[in-house]
Amino acid sequence: MSILVTGGAGYIGSHTVVELLNIDENVIIVDNLINSQIETIDKIKEITGKDIKFYQVDILDRENLERVFEENTDIESVIHFAGLKAVGESVEKPLEYYKNNLIGTLTLLETMRKYNCKKIIFSSSATVYGEQATSQYVETMKRGETTNPYGTTKAMIEKMLEDIYYADNSWNISILRYFNPIGAHESGLIGEDPKGIPNNLMPFIMKVANKEIDHLNIFGKDYATKDGTAARDYIHVVDLAKGHLKALEKLNNEKSGLFIYNLGTGNPYTVQEIVDTFKKVNNIDVPYEYTERRAGDLTIMYADPTKAREELGWAAEKNIEDMCKDSWNFVKITKQK
Ligand code: NAD
Ligand code: UD1
């Protein structure tokens, strides 16, 4: 049996494929490489010593997506990472985001139904909670107001999956809501390397530490937190990847169902704590300045990870020092050769 991984050449997808190969699963990757490099496929093979099938296919391309299912009749489940994910860009290019994320997912789901493959894990985001009365998010909360088209695509896909399940409860669906993934594989061969100026905190810190950007702007010093900077639930990407294996195990043990899990550590850290820890564990300078708050940012958001622990037997194992060390190790291995 095989697992189809859409977006498997990307940041979270590549780490998940490594973990799947480590437990001897057969993996087929579909990725159009719009935000990733072909070299990642070789790096995955180098890390695991295993082979994978790779198709450079856009999930909106129904004909070629069907070809993948025709050529691999043993595809039993799909882990669906493929999507555009830059919050700021989604505000500027909403049509591109709605088209890629919504029509892409729709095409994938129709293709799955056609080939009678009804087991899927979907990459959602904590952003679907929006702003809630409390800052620790639990799966029983209703989805909130999303603040950008990217977040809206995640909320809409969640709803779409729910509707599909209610119409045909032979589907077996797991929606995983990621908090803030950072870090990299311990080999330093794969990690997150966004093109251009990054929006997210850790990729920005990595570029400042590597002297590609002269300083970090810390957005806001007047939040109601211990040091005035905003707090998030950062999770090591390898822990996140392992969460997918547990979610898949759960689906394999169920006949059908629709499950939603937070994947976070449950421990919020402030921007200041992340910067200070990065500097300390890597013994490197990260110049920074405090600037205005970034529009739309919340003071603090973090997961209640109880459901994933109780139902999946999954909990994050790596700490903030590991996340900072592994992020920098990826830069050292890949950029400073
Ligand atoms: P990524 O950009 O590194 O990976 C996504 C991959 O999908 C890329 O390799 C890209 O080339 C591919 N892709 C995009 N559109 C495609 C299409 N139409 N057809 C085929 N391939 C396509 O992003 P990531 O950080 O690995 O995120 C993976 C998933 O997790 C995304 O759906 C993202 O929205 C979601 N997510 C990410 C975060 C995060 O902070 N990284 C947080 C919450 C949710
Ligand atoms: C955002 C998105 C989320 C998405 C995630 C990862 C929202 C509400 N959240 O989360 O959907 O899944 O990115 O792509 O849209 N910071 C700085 N300086 C910087 C960059 C960031 O101080 O240069 C701060 C931010 O103000 C924030 C924290 O670092 O407090 C984390 O920011 P970021 O990495 O962008 O993630 P989120 O905003 O939490």
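When a ligand or atom number is given, it counts from 1 through the structure's own listing order.
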Within 4.0 Å of some non-hydrogen atom of T127, the atoms of ligand 2 are 7 (C), 8 (C), 11 (O)
Is the ring pair Y178/F81 parallel, tilted or perpendicular, if the boundaries are 30 and 60 degrees? tilted
Could you tell me whether G10 and ligand 1 have an N or O pair separated by under 3.5 Å? yes
Just going by heavy-atom distances, which of Y178, Y55, Y150, Y97 is nearest to atom 30 (O) of ligand 1? Y178
Can you tell me how far the CE atom of M112 sits from the CD1 atom of I164, to the nearest 0.5 Å? 9.0 Å
Closest protein heavy atom to atom 19 (N) of ligand 1, given as residue, atom name and distance to 0.1 Å: I59 N, 3.0 Å
What protein heavy atom sits nearest atom 29 (C) of ligand 1, and how far away is it? F81 O, 3.2 Å
So N72 and S2, side-chain hydrogen bond (donor to acceptor under 3.5 Å, both in side chains) or not? Walk me through it. CA-CA 8 Å; N72 302 280; S2 294; 5.7 Å; no
Please compare F204, Y11, Y234, F219 and report which has the shortest non-hydrogen distance to atom 31 (C) of ligand 2. Y234
Taking only heavy atoms of N199 into account, list the atoms of ligand 2 that are under 4.0 Å away from them. 20 (C), 35 (O)
Considering the heavy atoms of V87, write down every atom of ligand 2 situated less than 4.0 Å from one of them. 2 (C), 15 (O)
Can you tell which of T127, T6, I12 gets a heavy atom nearest to atom 26 (O) of ligand 1? I12
